[in-house]
Amino acid sequence: MKITKDLYQGSLALLTDFYQLTMAYAYWKSGKAEQEAIFNLFFRKHPFHGGFTIAAGLAYVIDFCNNFYFHEDDLEYLSGMTNSDGSVVFEEAFIKYLKKMRFSCDLEAVEEGTVIFPHTPMVKVKGPLIQCQLLETALLNIINFQTLIATKSARVSLAAKGDSVLEFGLRRAQGIDGALAASRASYIGGCAATSNVMAGKLFGIPVSGTHAHSWIMSFDSEIDAFHAYADAFPGKCIFLVDTYDTETGIKHAIEVGKVLRTKGKEMLGVRIDSGDLAYFSNIARQMLDEAGFPDAKVVASNDLDEHIISSLKFQEASIDTWGVGTKLVTAYDQPALGAVYKLAALKSDAGLWEPKVKVSQQSIKINVPGDHQVKRFLKHGKAMADMLYLKDSDIEKSKITIIDPTDPTKRKKLNVEDLEEVNLLKQIFLGGKQVYISPSIKEIKENTKTGLSYFDKAHKRLINPHIYPVGLEEQLYKLRTDLVFKMKNYEHE
Ligand SMILES: Nc1ncnc2c1ncn2[C@@H]1O[C@H](COP(=O)(O)OP(=O)(O)OP(=O)(O)O)[C@@H](O)[C@H]1O
Ligand SMILES: O=P(O)(O)OC[C@H]1O[C@H](OP(=O)(O)OP(=O)(O)O)[C@H](O)[C@@H]1O
Ligand SMILES: O=C(O)c1cccnc1
């Protein structure tokens, strides 16, 4: 996939915060640029008050890293940056250093479509400190947004209980990039298709749609508009029936559907875009059935989200397909995921990895130091718990205890001898070389569906979900606690 290349014809190295570049310069000046570091990208809370999150965006990250270099134009721009006293911000030798820089890190990540929980690394970058730092902003930008939208889409799709959800968000999405990335992530999360044609072309997502009110309004009458549409698309008609009067609109759709039948074609259904969607969908279903169109589908749209869909399901609305736009692609009502990227370890001059911790008054904000892996334990196809552990630790399988990173009183003993286990972090790059091929977008979407099926319904409900156990393995917990104490004492000396 070459999304960034197609869109921007080159590297996105300048898609970063200025402070990353000033730090990069200062690392270089102080001789730390090549010191090896480990950074983790993780979030602290599920979005939408939910009980799960769906990882997305890795294919963009891969593309970004493969194209990570400073182009001549970028370097020229950086060379021309001046301080308030007129002096240059970055000296020429640094610009030359940037010119030669190529991505050379190891990168591990959870695969797209994986169900993921707070505090576990979604992306881990190991490599020269300067490169790790320069990747931060773009990685967060990519993962935060796509993960947020994939999660929203999964929630909407779960609420639709297996019905098709069509993503209609392009016109109200957050700009061009936002719309494209949202269409991609919506598909990963569970949507069946998008109305966004460019997303269809770029990502291979099925493209689908009906027609607008303007089509009806451009004719003298609704029935003329339906006939003309049926002439143009005899086998693909979904008639929008609510422009003037919904019941009359359904009657007109049935009339045109009967004409189509004389030509050996079937109308696919009707779309309702206003009014009480439970009431009108049931009316539509009854009228279509009575007229001999039991297979015609009822599509509904109008500011839908997981909560309205859930309510309409509860009301037994006869809706087969859900068109969801604004509230899906803008992640209503949580505009950002809030994932962060923190230094977890630094290699000393002696070649030893030193774990690093950021101390905070709020325990939720204390990162997990060291080089970890995340293990998911499953029993008969059901996820039981996730464990973060130090990669080089010896774990005695017969007595594993995991400890909640935010509340040490919450502990869970795991007898893992008879459990299946999977490592969630996969190797994506080794020494800057890509060693992982992203699955097709269809396979990623399937991963989401299968991944969600491992989790109990209690974790997937929309309101007050049951919390899935995620914890630190004891040695990692001890390392983190010791380090926090050490840093606190150090601060007070
Ligand atoms: N039966 C229902 N239960 C819950 N929410 C519904 C139901 N029917 C429609 N809605 C939702 O109610 C919201 C507003 O619908 P409302 O009928 O007020 O506006 P509208 O039909 O768009 O108005 P207008 O006719 O002016 O376009 C939408 O988000 C819609 O999805
Ligand atoms: O409500 P959303 O979830 O955002 O779904 C997309 C909306 O966009 C269209 O409305 P719009 O009024 O823009 O155009 P139209 O004339 O085709 O209805 C469509 O009819 C949906 O109502
Ligand atoms: O195809 C549709 O019905 C559609 C597309 C975009 C927005 N609203 C509806």
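Because the structure is predicted, anything quoted here is derived from the model rather than measured.
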Ignoring hydrogens and angles, tell me if any N or O in the side chain of [X] forms a donor-acceptor pair with the backbone of [Y] under 3.5 Å.
{"X": "Thr147", "Y": "Asn144", "answer": "no"}
{"X": "Gln133", "Y": "Gln20", "answer": "no"}
{"X": "Asn40", "Y": "Lys124", "answer": "no"}
{"X": "Gln373", "Y": "Leu425", "answer": "yes"}
{"X": "Tyr341", "Y": "Cys132", "answer": "yes"}
{"X": "Tyr187", "Y": "Ala192", "answer": "no"}
{"X": "Thr151", "Y": "Ile54", "answer": "yes"}
{"X": "Arg285", "Y": "Pro294", "answer": "yes"}
{"X": "Asn67", "Y": "Asp63", "answer": "yes"}

Rounded to the nearest 0.5 Å, how far apart are [atom1] of [X] and [atom2] of [Y]?
{"X": "Leu268", "Y": "Ser208", "atom1": "CG", "atom2": "OG", "result": "9.5 Å"}
{"X": "Leu58", "Y": "Leu139", "atom1": "CG", "atom2": "CG", "result": "9.5 Å"}
{"X": "Leu240", "Y": "Glu222", "atom1": "CG", "atom2": "CD", "result": "8.0 Å"}
{"X": "Leu98", "Y": "His71", "atom1": "CG", "atom2": "NE2", "result": "14.5 Å"}
{"X": "Leu337", "Y": "Met122", "atom1": "CG", "atom2": "CE", "result": "7.0 Å"}
{"X": "Glu112", "Y": "Gln146", "atom1": "CD", "atom2": "CD", "result": "6.5 Å"}

What pairs with [X] under side-chain hydrogen bond (donor to acceptor under 3.5 Å, both in side chains), at least two apart in sequence or on another chain?
{"X": "His372", "answer": "none"}
{"X": "Ser274", "answer": "Asp242"}
{"X": "Thr210", "answer": "Arg271"}
{"X": "Gln131", "answer": "Ser104"}

| query | Is the distance between the ring centroids of Phe233 and Tyr229 less than 6.0 Å? | reply | yes
Only counting residues at least two apart or in another chain, list the ones meeting salt bridge (charged side-chain N to carboxylate O under 4.0 Å, His left out) with [X].
{"X": "Arg261", "value": "Glu266"}
{"X": "Lys426", "value": "none"}
{"X": "Asp404", "value": "none"}
{"X": "Glu72", "value": "Lys99"}

Under 6.0 Å from the [atom1] atom of [X], do we count more than 12 heavy atoms belonging to anything else shown?
{"X": "Asp418", "atom1": "CG", "value": "yes"}
{"X": "Lys45", "atom1": "NZ", "value": "no"}
{"X": "Ile364", "atom1": "CD1", "value": "yes"}
{"X": "Tyr77", "atom1": "OH", "value": "no"}
{"X": "Met217", "atom1": "CE", "value": "no"}
{"X": "Glu316", "atom1": "CD", "value": "no"}
{"X": "Lys313", "atom1": "NZ", "value": "yes"}

Using a 4.5 Å cut-off on heavy atoms from C-beta on, say whether the side chain of [Y] contacts that of [X].
{"X": "Leu78", "Y": "Leu21", "result": "yes"}
{"X": "His211", "Y": "Ile216", "result": "yes"}
{"X": "Leu328", "Y": "Ser153", "result": "yes"}
{"X": "Val298", "Y": "Leu288", "result": "yes"}
{"X": "Val374", "Y": "Phe117", "result": "no"}
{"X": "Val329", "Y": "Phe168", "result": "no"}
{"X": "Ile238", "Y": "Thr321", "result": "no"}
{"X": "Ile205", "Y": "Ser186", "result": "no"}

Which atom of [X] lies closest to which atom of [Y], heavy atoms considered:
{"X": "Pro405", "Y": "Gly471", "answer": "CD-CA, 4.2 Å"}
{"X": "Ala284", "Y": "Val270", "answer": "CB-CG2, 4.3 Å"}
{"X": "Leu462", "Y": "Arg155", "answer": "O-NH2, 3.6 Å"}

| query | What pairs of residues pass the ring-ring contact (aromatic ring centres under 6.0 Å, His included) test when at least one of them lies in residues 269-328, not counting sequence neighbours? | reply |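 Qualifying pairs: none.
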| With Thr248, which residues qualify under side chain to side chain contact (heavy atoms under 4.5 Å, CB included), at least two apart? | Asp245, His252
Please output the side-chain donor-acceptor pairs of residues 429-436 that fall under 3.5 Å, not counting sequence neighbours, one pair per line with the distance.
residue, atom, partner, partner atom, Å
Gln434, OE1, Asn66, ND2, 2.7
Gln434, NE2, Tyr436, O, 2.7
Tyr436, OH, Glu111, OE2, 2.7

| task | Would you mind listing every side-chain hydrogen bond (donor to acceptor under 3.5 Å, both in side chains) that reaches into residues 444-463, with sequence neighbours excluded? | result | none
| Between Ser318 and Asn282: side-chain donor-acceptor atoms closer than 3.5 Å | yes
| Exercise: do Ser311 and Gln315 side chains pair donor with acceptor under 3.5 Å |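 Per modelled atom types, Ser311 and Gln315 side chains form a pair under 3.5 Å.
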| What is the ring orientation for Phe43 with His46, classed by angle as parallel under 30°, tilted 30 to 60°, or perpendicular over 60°? |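 Tilted: the ring planes of Phe43 and His46 meet at 30° to 60°.
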| request: Give the intermediate values and the outcome of side-chain contact (heavy atoms from CB on, under 4.5 Å) for residues Tyr69 and Asp74. | output: CA-CA 9 Å; Tyr69 69 96; Asp74 301 336; 6.0 Å; no
| Can you list the steps and then say if Phe52 with Phe455 is a ring-ring contact (aromatic ring centres under 6.0 Å, His included)? | CA-CA 9 Å; Phe52 68 89; Phe455 290 84; 8.2 Å; no
| field | NZ/NE/NH1/NH2 to OD/OE distance under 4.0 Å, Lys126 and Glu108 | value | no
| query | Please walk me through it: do Leu107 and Val123 pass side-chain contact (heavy atoms from CB on, under 4.5 Å)? | reply | CA-CA 7 Å; Leu107 189 143; Val123 180; 4.0 Å; yes
